[in-house]
Amino acid sequence: VLDTDYAQIDAQTMDPGSELYAFAPDAVLIQMCTEKLYEAFCATAPDRRATFAADTYAHILQVWQRINANILQCSFPLMDDGAFGQFGNKTQASFLFQQRKLELLIMEGCQEVKNVYIIDLNAIQSGCGRDRFSDPKLYYIAKMPISLDILPRVARSVVDTIRALRGNVKKCVVLDLDNTLWGGVIGDDGLSGIQIGDNGGNNSRVKNGSFSFQVFAGATVTVIFESINGIIILLYKMLYSCISCLRYSLSESALLISSM
């Protein structure tokens, strides 16, 4: 892992002989914090603030185009300076308006620049709140825009994105069983009454629909069913004997997990 110094994005990406290119990384994490964005906005002449988002995105695009690796671009956590009150969303020259416009430009841009992936800090901030996400004192002292409490969540989001890009993904398949993975209702028809595959018997619409689903899912369903068939039967017998008085249905709570 190469960790460059503070405020080195331009220096590292614009210089072909920089540490970044000598390191030849598989992925580059870019975080341009909202606080620095706001400083740049305030330094912009008032008559040019209506184009601040477009100008900033043009610079970000130049950075993207110089990097020959997967780019993890952090979004800008929303910060309202309150200068225009509730009219901030209606005023093009407001920081709130320009920040939201910049977020849209970045989302649209990563559709064109295929090696760019967004680390959605806005989503994390929405979940915990601005007051927990950012610590003004910590930013003033150490220029850290993310609080120590929330930093592990951001790190997890970055790691999850990198793992997904490398194909290291575990999938959870959640299926309804009755009349989906098999034909019939196992609680009513019993183990011998359900229909698996095109094994003849009742040609009802439900049975045909279940068979069509099995064909559509293909090998995935086969692997899942065969690997946990014994567990399903055991679960069914246990639940049926223990809480049959509650009329518990296996089809309402079956969670099938497969690592693919």
Side-chain angles (χ1 to χ4, degrees), residues 1-38 40-41 50-79 92 95-127 133 145-146 150-174 216-220 258-260:
V1 176
L2 172 66
D3 183 13
T4 62
D5 293 333
Y6 177 74
Q8 291 292 301
I9 294 176
D10 288 344
Q12 292 290 334
T13 58
M14 300 301 176
D15 179 11
S18 68
E19 297 173 293
L20 172 66
Y21 298 117
F23 187 72
D26 295 325
V28 177
L29 174 66
I30 300 177
Q31 183 186 2
M32 302 172 177
C33 69
T34 305
E35 289 80 0
K36 293 288 288 186
L37 187 71
Y38 183 62
F41 178 81
T51 62
F52 177 79
D55 296 340
T56 303
Y57 173 70
H59 177 71
I60 292 174
L61 184 59
Q62 288 181 348
V63 172
W64 289 354
Q65 291 172 339
R66 288 178 173 268
I67 299 175
N68 187 25
N70 288 323
I71 300 172
L72 310 182
Q73 174 69 56
C74 293
S75 64
F76 292 92
L78 194 64
M79 183 181 75
Q92 289 194 30
F95 179 68
L96 182 64
F97 187 100
Q98 291 300 310
Q99 185 185 354
R100 283 180 163 154
K101 184 176 181 179
L102 178 58
E103 288 288 282
L104 177 61
L105 291 173
I106 290 175
M107 288 189 292
E108 291 177 340
C110 71
Q111 307 300 313
E112 302 295 330
V113 185
K114 301 300 184 182
N115 62 320
V116 176
Y117 303 88
I118 295 177
I119 303 297
D120 195 353
L121 300 186
N122 256 318
I124 299 176
Q125 178 176 274
S126 297
F133 183 89
I146 303 172
I150 304 302
L151 201 57
R153 298 190 194 182
V154 176
R156 178 59 184 268
S157 182
V158 172
V159 171
D160 287 348
T161 302
I162 293 175
R163 292 181 63 187
L165 291 174
R166 291 183 172 181
N168 187 7
V169 179
K170 292 184 178 180
K171 298 180 180 179
C172 175
V173 181
V174 182
F216 171 76
T220 300
S258 175
S259 176
M260 295 175 288

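Sequential numbering from 1 along the given sequence is applied to the chain's residues. Quantities reported herein were computed from a predicted structural model and do not represent experimental measurements.
Here CD of Q65 is found 11.5 Å from OG1 of T13. Values are rounded to the nearest 0.5 Å. Note that CZ of R163 and CZ of R156 are 7.0 Å apart. Values are rounded to the nearest 0.5 Å.
Within the 4.5 Å cutoff, the side chain of Q73 has heavy atoms near those of the I60 side chain. At least one side-chain heavy atom of Q31 sits less than 4.5 Å from a side-chain heavy atom of P145. No side-chain heavy atom of L78 sits under 4.5 Å from any side-chain heavy atom of T34. Residues M14 and V63 form a side-chain contact, since some pair of their non-hydrogen atoms from C-beta on lies under 4.5 Å apart. Between L165 and D26 the shortest side-chain heavy-atom distance does not fall below 4.5 Å.
In this structure, the side chain to side chain contact (heavy atoms under 4.5 Å, CB included) partners of Y57, at least two apart in sequence or on a different chain, are L61, W64, L102, L105, I106. Not counting sequence neighbours, the partners of N122 by the side-chain hydrogen bond (donor to acceptor under 3.5 Å, both in side chains) test are E103. Y38 is linked by a side-chain hydrogen bond (donor to acceptor under 3.5 Å, both in side chains) to D81, counting only residues two or more places apart in sequence or in another chain. For L2, the side chain to side chain contact (heavy atoms under 4.5 Å, CB included) partners are T4, E19, F23, not counting sequence neighbours. Applying the side chain to side chain contact (heavy atoms under 4.5 Å, CB included) test to Q111 and every residue at least two apart in sequence or in another chain returns nothing. By the side chain to side chain contact (heavy atoms under 4.5 Å, CB included) test, L151 is found to be paired with M144, I146, residues two or more places apart in sequence or in another chain being considered.
Y117 and N70 get closest at one heavy-atom pair: CE1-OD1, 3.7 Å. Of all heavy-atom pairs between V28 and P25, the closest is CG2-CG, 3.6 Å. Contact record, I71 with I30: CG2-CD1, 3.8 Å, taken as the closest heavy-atom pair.
Q98 places a side-chain N or O within 3.5 Å of a backbone atom of A53 that can act as its donor or acceptor partner. Put simply, the side chain of Q12 gets close to the backbone of L20: a donor and an acceptor are under 3.5 Å apart. Although no hydrogens or angles enter the test, the distance criterion places a donor-acceptor pair under 3.5 Å between the side chain of Q99 and the main chain of P77.
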- Stepwise, does the side-chain contact (heavy atoms from CB on, under 4.5 Å) test hold for F95 with L37? CA-CA 9 Å; F95 179 68; L37 187 71; 4.1 Å; yes
- Check against side-chain contact (heavy atoms from CB on, under 4.5 Å), F41 and T56: CA-CA 10 Å; F41 178 81; T56 303; over 6 Å; no
- Start with the C-alpha distance between H59 and D10, add both sets of side-chain angles, then the distance that settles side-chain contact (heavy atoms from CB on, under 4.5 Å), and finish with yes or no. CA-CA 10 Å; H59 177 71; D10 288 344; 2.9 Å; yes
- Message: As a quick check of understanding, evaluate side-chain contact (heavy atoms from CB on, under 4.5 Å) for L29 and C74, giving each step before the final call.
- Response: CA-CA 8 Å; L29 174 66; C74 293; 3.8 Å; yes
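Counting non-hydrogen atoms of neighbouring residues, nucleotides and ligands closer than 6.0 angstrom, the CG atom of N68 reaches no more than 12 such neighbours.
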